[in-house]
Trainee: 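Structure provided below as structure tokens; questions to follow.
All heavy atoms count here, side chains included; hydrogens, waters and symmetry mates do not. In each ligand, atom 1 is the first atom listed, and ligand 1 is the first ligand listed.
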Amino acid sequence: MFITFEGPDGSGKSTVIKSVYEKLLKDNFDVLLTREPGGTPIAEKIRDIILDNSNTALDPRTEALLYAASRRQHLVEKIWPALKEGKIVLCDRFIDSSLAYQGGGRNLGVENVLNINLFATENTYPDISLFFDVSPEIGLSRVNSDKKRVADRLDNENENFHDKVYETFKKIVANNKNRFIVIDASKPLNEVIENTYQILKKKLNELR
Ligand code: TMP
């Protein structure tokens, strides 16, 4: 079972995924927690290049290819082996982030970005994707008011970029209703965590 957590910056999904992972471990589910871009040493090195604020010359297509490259490495080294062992993989972001950020935000086109990603992933899709739905206004105000968070190259993009990312996410969700579950991420964090945990626990118990 391959489950991805998707959403705009400031949706809280990274905090939610960690908490839900710990709860599912306590329930004796065989879960693995990982994230993109990154998840393996090579993929984390690619992440550092992509998110480095000093890389102002990074071309949008190069950026899209780097995300796809890090995804490929992550699949080969970590996700595919874990799925083969029968684990439940919880992944913070995956292909839909590339479609929304590079396809929509960077105007590369969802189709183009999908094509390079299908090459990278050999058509691997998540079984379930959770979309943490929060408007770019609320998301970015959370990012900006979080003193512990150092804004990366993508966080620092302008509002228009984040609006396009959000609109593209909404379209992807609407076109993939069978795979997506929408979580209202504008609610207080503890409610979002509990809601997500209950939804996933129910799904996983049905499969046990
Ligand atoms: P994070 O904040 O969830 O760790 O993700 C890092 C940034 O990378 C975030 O702004 C979203 C962006 N991103 C893309 O633009 N494309 C992708 O394919 C992925 C996985 C992340």
Side-chain angles (χ1 to χ4, degrees), residues 2-21 33-40 42-53 55 58-75 78-79 89-121 124-126 129-134 136 138-144 146 148-169 172 183 185 189 192 196:
F2 181 26
I3 304 169
T4 58
F5 285 47
E6 295 281 6
D9 291 287
S11 64
K13 62 170 179 42
S14 303
T15 312
V16 176
I17 199 170
K18 281 188 203 112
S19 182
V20 168
Y21 163 72
L33 172 63
T34 191
R35 70 157 180 189
E36 290 213 344
T40 73
I42 295 171
E44 289 286 337
K45 281 186 186 166
I46 301 174
R47 176 188 176 97
D48 291 343
I49 298 172
I50 304 172
L51 298 182
D52 185 341
N53 277 312
N55 284 339
L58 194 67
D59 170 77
R61 287 185 187 224
T62 310
E63 179 186 280
L65 290 163
L66 287 173
Y67 276 115
S70 99
R71 180 159 301 129
R72 168 86 195 165
Q73 196 62 32
H74 189 204
L75 278 167
K78 200 165 180 184
I79 297 177
V89 176
L90 301 184
C91 189
D92 187 349
R93 297 194 183 280
F94 194 66
I95 189 168
D96 300 299
S97 282
S98 280
L99 304 184
Y101 281 81
Q102 282 65 54
R106 295 277 187 234
N107 285 321
L108 294 178
V110 170
E111 254 334 277
N112 290 333
V113 177
L114 180 64
N115 286 336
I116 58 164
N117 272 279
L118 292 181
F119 171 72
T121 65
T124 300
Y125 265 99
S129 297
L130 305 176
F131 177 61
F132 291 82
D133 192 353
V134 74
I138 299 181
L140 289 180
S141 73
R142 285 179 182 167
V143 170
N144 294 332
D146 184 348
K148 281 179 273 156
R149 180 169 174 147
V150 181
D152 61 43
R153 211 174 50 82
L154 278 284
D155 290 332
N156 283 329
E157 277 298 332
N158 61 30
E159 274 174 33
N160 182 36
F161 173 84
H162 289 285
D163 287 345
K164 283 188 285 183
V165 169
Y166 182 66
E167 279 161 27
T168 313
F169 261 135
I172 297 167
I183 311 270
L189 195 58
V192 181
T196 309

Trainee: If you have a sec, work out which protein heavy atom is nearest atom 7 (C) of ligand 1 and how many Å separate them, to one decimal?
Mentor: L51 CD2, 3.8 Å
Trainee: What I want to check is whether the side chains of N55 and R153 have a donor and an acceptor closer together than 3.5 Å.
Mentor: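 Side chains of N55 and R153: no pair found under 3.5 Å.
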Trainee: Looking only at distances, please establish whether an N/O atom of ligand 1 is found under 3.5 Å from an N/O atom of K13.
Mentor: yes
Trainee: Measure from atom 3 (O) of ligand 1 to every heavy atom in E63, R149, R93, R47 and give the option owning the shortest one.
Mentor: R93
Trainee: State whether the side chain of N53 and the backbone N or O of A151 hold a donor-acceptor pair below 3.5 Å, judged by distance alone.
Mentor: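 Yes.
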Trainee: Backbone or side chain, does any N or O of D9 fall under 3.5 Å from an N or O of ligand 1?
Mentor: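 In this structure, D9 places an N or O atom under 3.5 Å from an N or O of ligand 1.
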Trainee: Need the ligand 1 atom indices (1-based, order shown) with element for anything under 4.0 Å from a heavy-atom of L154.
Mentor: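 Listed by number with element, the hits are 10 (O), 12 (C), 15 (O).
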Trainee: How about F94 and F2: are their ring centroids closer than 6.0 Å?
Mentor: yes
Trainee: Can you find an N/O atom of S14 closer than 3.5 Å to an N/O atom of ligand 1?
Mentor: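 No, S14 has no N/O under 3.5 Å of an N/O on ligand 1.
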Trainee: Under a 4.0 Å N-O cut-off, is there an ion pair linking R106 with E157?
Mentor: yes
Trainee: Determine, using heavy atoms of R71 and all atoms of ligand 1, whether some pair is separated by less than 4.0 Å.
Mentor: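 Yes; R71 lies near enough to ligand 1 that a heavy-atom distance drops under 4.0 Å.
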Trainee: Going by the rule side chain to side chain contact (heavy atoms under 4.5 Å, CB included), which residues pair with S19 if we only count those two or more places apart in sequence or in a different chain?
Mentor: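 Side chain to side chain contact (heavy atoms under 4.5 Å, CB included) check on S19 returns K23, I193.
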Trainee: Would you call the rings of F169 and F131 parallel, tilted or perpendicular, where under 30° means parallel and over 60° means perpendicular?
Mentor: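 Plane angle between 30° and 60°, so tilted.
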Trainee: Check this for me - ligand 1, S98, N or O atoms closer than 3.5 angstrom, yes or no?
Mentor: yes
Trainee: Distance under 4.0 Å to a non-hydrogen atom of S97: what atoms of ligand 1 satisfy this?
Mentor: 16 (N), 17 (C), 18 (O), 19 (C), 20 (C)
Trainee: How far is atom 16 (N) of ligand 1 from the closest protein heavy atom, and which atom is that?
Mentor: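 The answer is Q102 OE1, 2.8 Å.
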Trainee: The test is side-chain contact (heavy atoms from CB on, under 4.5 Å); show your working for L114 and I95 and say whether it passes.
Mentor: CA-CA 8 Å; L114 180 64; I95 189 168; 4.1 Å; yes
Trainee: Does ligand 1 come near enough to Y67 that some N or O of the ligand is less than 3.5 Å from an N or O of the residue?
Mentor: yes
Trainee: Please check: side-chain N/O of R93 versus main-chain N/O of G7, any donor-acceptor pairing under 3.5 Å?
Mentor: yes
